[in-house]
Amino acid sequence: MGDDLSRLSSFLSSLVKRDGAILEAGICMALRRHSHMTVMTQVRMPITVSAETLVQANDGGELRCIALPADGAATRIAHFDMIVVDRRERVARLVEVKRGGGETEVRKRRTTERDLLCGRLQLKAFLKTLGIPVRRCESWVVDYYGRSGFRPDLTVTREGLDQLFGVPVVDHWWQTETGWA
């Protein structure tokens with residue numbers, strides 16, 4: 001490509017990654033404005049053999065009401081962008097924020113989807129070890145621009161953020177970034 005195009009490509013790739021971090025920070029900031037929300041970021045969670053086995057053998061929809069212990073032999077450590085707990089509703093959401101506006105490579109999508117499904121199975125027990133009781137657990141990919149290609153049952157776009165969390169997220173983020181009320 002040549003030096004100039006190579007530098008430009010590198011800059012644009014870096015810009016997309018920073019944009020994703022800005023989206024994540026904005027969502028966290030909007031959620032933390034509400035006293036009934038607990039937001040944990042950059043959470044590492046061991047994925048157990050039992051969670052991995054269930055996810056490999058079943059479709060994610062079949063596993064929505066199952067909660068597994070968080071202890072036991074771990075196959076790996078998953079890293080999640082955030083866990084959002086609505087203490088009023090006692091609902092926990094495991095969230096990955098999609099960085100960039102294009103389609104995510106298939107292998108990366110599958111890994112993220114598998115991590116989210118395994119993590120959701122263990123989330124209730126994981127939070128209980130932190131002293132946070134919840135009734136229900138969910139897992140989501142926030143695909144702000146709606147073009148990443150993740151499974152629809154795991155995806156929420158910009159238009160669905162306020163409804164997902166039950167508090168204003170998008171307008172708060174927009175007002176904060178632009179200064180417009």
Side-chain angles (χ1 to χ4, degrees), residues 20-21 23-99 104 107-144 148-158 160-170:
L23 290 173
E24 182 181 332
I27 292 167
C28 287
M29 185 171 50
L31 292 170
R32 285 180 173 149
R33 292 182 62 213
H34 302 277
S35 61
H36 66 284
M37 295 290 202
T38 297
V39 182
M40 295 174 265
T41 59
Q42 306 308 312
V43 180
R44 296 170 51 86
M45 180 189 301
I47 300 299
T48 63
V49 173
S50 57
E52 190 75 59
T53 302
L54 267 175
V55 168
Q56 286 177 359
N58 295 282
D59 181 276
E62 298 165 351
L63 305 173
R64 289 207 187 277
C65 296
I66 296 174
L68 296 176
D71 57 357
T75 62
R76 61 196 156 76
I77 304 291
H79 182 266
F80 298 103
D81 290 332
M82 65 180 94
I83 295 174
V84 179
V85 179
D86 181 333
R87 291 186 316 281
R88 230 183 345 205
E89 299 294 324
R90 295 184 49 210
V91 174
R93 294 177 178 93
L94 191 58
V95 179
E96 280 292 297
V97 179
K98 167 65 176 85
R99 286 150 173 72
T104 302
R107 190 166 25 146
K108 174 68 174 159
R109 271 198 324 256
R110 286 186 184 140
T111 299
T112 300
E113 290 170 351
R114 188 183 79 220
D115 284 351
L116 283 169
L117 293 172
C118 288
R120 181 178 65 208
L121 289 173
Q122 301 173 191
L123 186 56
K124 190 174 193 174
F126 178 80
L127 291 171
K128 187 176 181 180
T129 67
L130 301 175
I132 304 171
V134 295
R135 284 184 302 115
R136 187 176 83 238
C137 296
E138 303 173 356
S139 55
W140 296 96
V141 173
V142 172
D143 180 9
Y144 197 81
S148 66
F150 283 91
R151 294 169 40 161
D153 63 319
L154 288 176
T155 303
V156 63
T157 61
R158 174 186 186 274
L161 282 175
D162 292 355
Q163 182 178 353
L164 175 67
F165 294 112
V167 296
V169 175
V170 177

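Just so we're clear, the structure is a prediction, and the values are computed from it rather than from any experiment.
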Colleague: What distance do I83 atom CD1 and L130 atom CG have between them, rounded to the nearest 0.5 Å?
Modeller: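 Between I83 CD1 and L130 CG, I get 7.5 Å after rounding to 0.5 Å.
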Colleague: Is the side chain of R114 donor-acceptor paired with the backbone N or O of V55 at a distance under 3.5 Å, no angle test?
Modeller: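 Looks like no, no N/O pair under 3.5 Å.
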Colleague: Between R32 and M37, is a side chain to side chain contact (heavy atoms under 4.5 Å, CB included) present by the stated rule, with each step listed?
Modeller: CA-CA 6 Å; R32 285 180 173 149; M37 295 290 202; over 6 Å; no
Colleague: Keeping the roles fixed (side chain from T111, backbone from K108), state whether a donor-acceptor pair exists under 3.5 Å.
Modeller: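 Looks like no, no N/O pair under 3.5 Å.
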Colleague: Is the number of heavy atoms from other residues, nucleotides or ligands under 6.0 Å of Q163 CD greater than 12?
Modeller: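 Not more than 12 within 6.0 Å, no.
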Colleague: For a side chain to side chain contact (heavy atoms under 4.5 Å, CB included) check, start with the C-alpha distance between V142 and L23, then their side-chain angles and the critical distance, and finish with the verdict.
Modeller: CA-CA 10 Å; V142 172; L23 290 173; over 6 Å; no
Colleague: Please check: side-chain N/O of Q122 versus main-chain N/O of P46, any donor-acceptor pairing under 3.5 Å?
Modeller: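 At least one qualifying donor-acceptor pair exists.
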Colleague: Find out whether R136 and R93 are in side-chain contact, i.e. whether some heavy atom of one side chain is under 4.5 Å from a heavy atom of the other.
Modeller: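 Yes - at least one pair of side-chain heavy atoms lies under 4.5 Å apart.
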Colleague: Closest approach of L31 and V167, non-hydrogen atoms and distance?
Modeller: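 Residues L31 and V167, closest heavy atoms: CD2-CG2, 3.7 Å.
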Colleague: Any chance you could measure E113, atom CD, to D153, atom CG, to the nearest 0.5 Å?
Modeller: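 E113 CD to D153 CG: 8.0 Å, rounded to 0.5 Å.
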Colleague: First locate atom CZ of F150, then atom OG1 of T112, and finally report the distance between them rounded to the nearest 0.5 Å.
Modeller: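 Taking CZ in F150 and OG1 in T112, the distance rounds to 4.5 Å.
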Colleague: Checking side chain to side chain contact (heavy atoms under 4.5 Å, CB included) for the pair L117/L121: CA distance, chi angles, key distance, verdict?
Modeller: CA-CA 6 Å; L117 293 172; L121 289 173; 6.0 Å; no
Colleague: How long is the straight-line distance from OH of Y144 back to OG1 of T157, given to the nearest 0.5 Å?
Modeller: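 T157 atom OG1 to Y144 atom OH measures 10.0 Å (nearest 0.5 Å).
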Colleague: Around R107, counting heavy atoms of other residues, nucleotides and ligands shown, do more than 12 lie under 6.0 Å from its CZ?
Modeller: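 Atom CZ in R107 is not packed in, count stays at 12 or less.
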Colleague: Are K98 and T155 packed together at the side-chain level, in the sense that at least one heavy-atom pair is separated by less than 4.5 angstrom?
Modeller: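 In short, these two side chains do not touch, never coming nearer than 4.5 Å.
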Colleague: Mind checking salt bridge (charged side-chain N to carboxylate O under 4.0 Å, His left out) for R76 and listing every partner two or more places apart, or none if nothing turns up?
Modeller: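 R76: salt bridge (charged side-chain N to carboxylate O under 4.0 Å, His left out) contacts with E52, D115.
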Colleague: To the closest 0.5 Å, what do you measure between NZ (K128) and CG (L123)?
Modeller: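 K128 NZ to L123 CG: 13.5 Å, rounded to 0.5 Å.
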Colleague: Would you sort out whether F80 and M40 count as a side chain to side chain contact (heavy atoms under 4.5 Å, CB included), showing the intermediate values?
Modeller: CA-CA 10 Å; F80 298 103; M40 295 174 265; over 6 Å; no
Colleague: Name all residues meeting the salt bridge (charged side-chain N to carboxylate O under 4.0 Å, His left out) criterion together with D86; count only those two or more places apart in sequence or in a different chain, and write none if there are none.
Modeller: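 Listed in chain order: nothing, the list is empty.
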Colleague: When rounded to the nearest 0.5 angstrom, what is the spacing between CG in L94 and CD in E138?
Modeller: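 Result: 10.5 Å between the selected atoms.
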Colleague: With no hydrogens and no angle check, is any side-chain donor or acceptor of D162 less than 3.5 Å from a backbone partner on P168?
Modeller: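 Not at all, since once roles are kept as given, no pair shorter than 3.5 Å links the two residues.
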Colleague: Give the minimum heavy-atom separation between E24 and Q42, together with the two atoms involved.
Modeller: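 Closest approach of E24 to Q42: OE2-NE2, 2.8 Å.
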Colleague: Kindly say whether D81 contributes a backbone atom to a donor-acceptor pair with the side chain of E96 at under 3.5 angstrom?
Modeller: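 Side chain of E96 to backbone of D81, a donor-acceptor pair under 3.5 Å: yes, one is there.
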Colleague: Does one side chain, of R109 or S148, offer a donor that lies under 3.5 Å from an acceptor on the other?
Modeller: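 S148 and R109 do not have a side-chain donor-acceptor pair below 3.5 Å.
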Colleague: Answer yes or no: is there a donor N or O on one side and an acceptor on the other, between the side chain of R120 and the main chain of C137, under 3.5 Å?
Modeller: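 No; zero donor-acceptor contacts below 3.5 Å.
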Colleague: What are the two closest non-hydrogen atoms of D143 and G149, and how far apart are they?
Modeller: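 Scanning both residues, the minimum pair turns out to be OD2-N, 4.4 Å.
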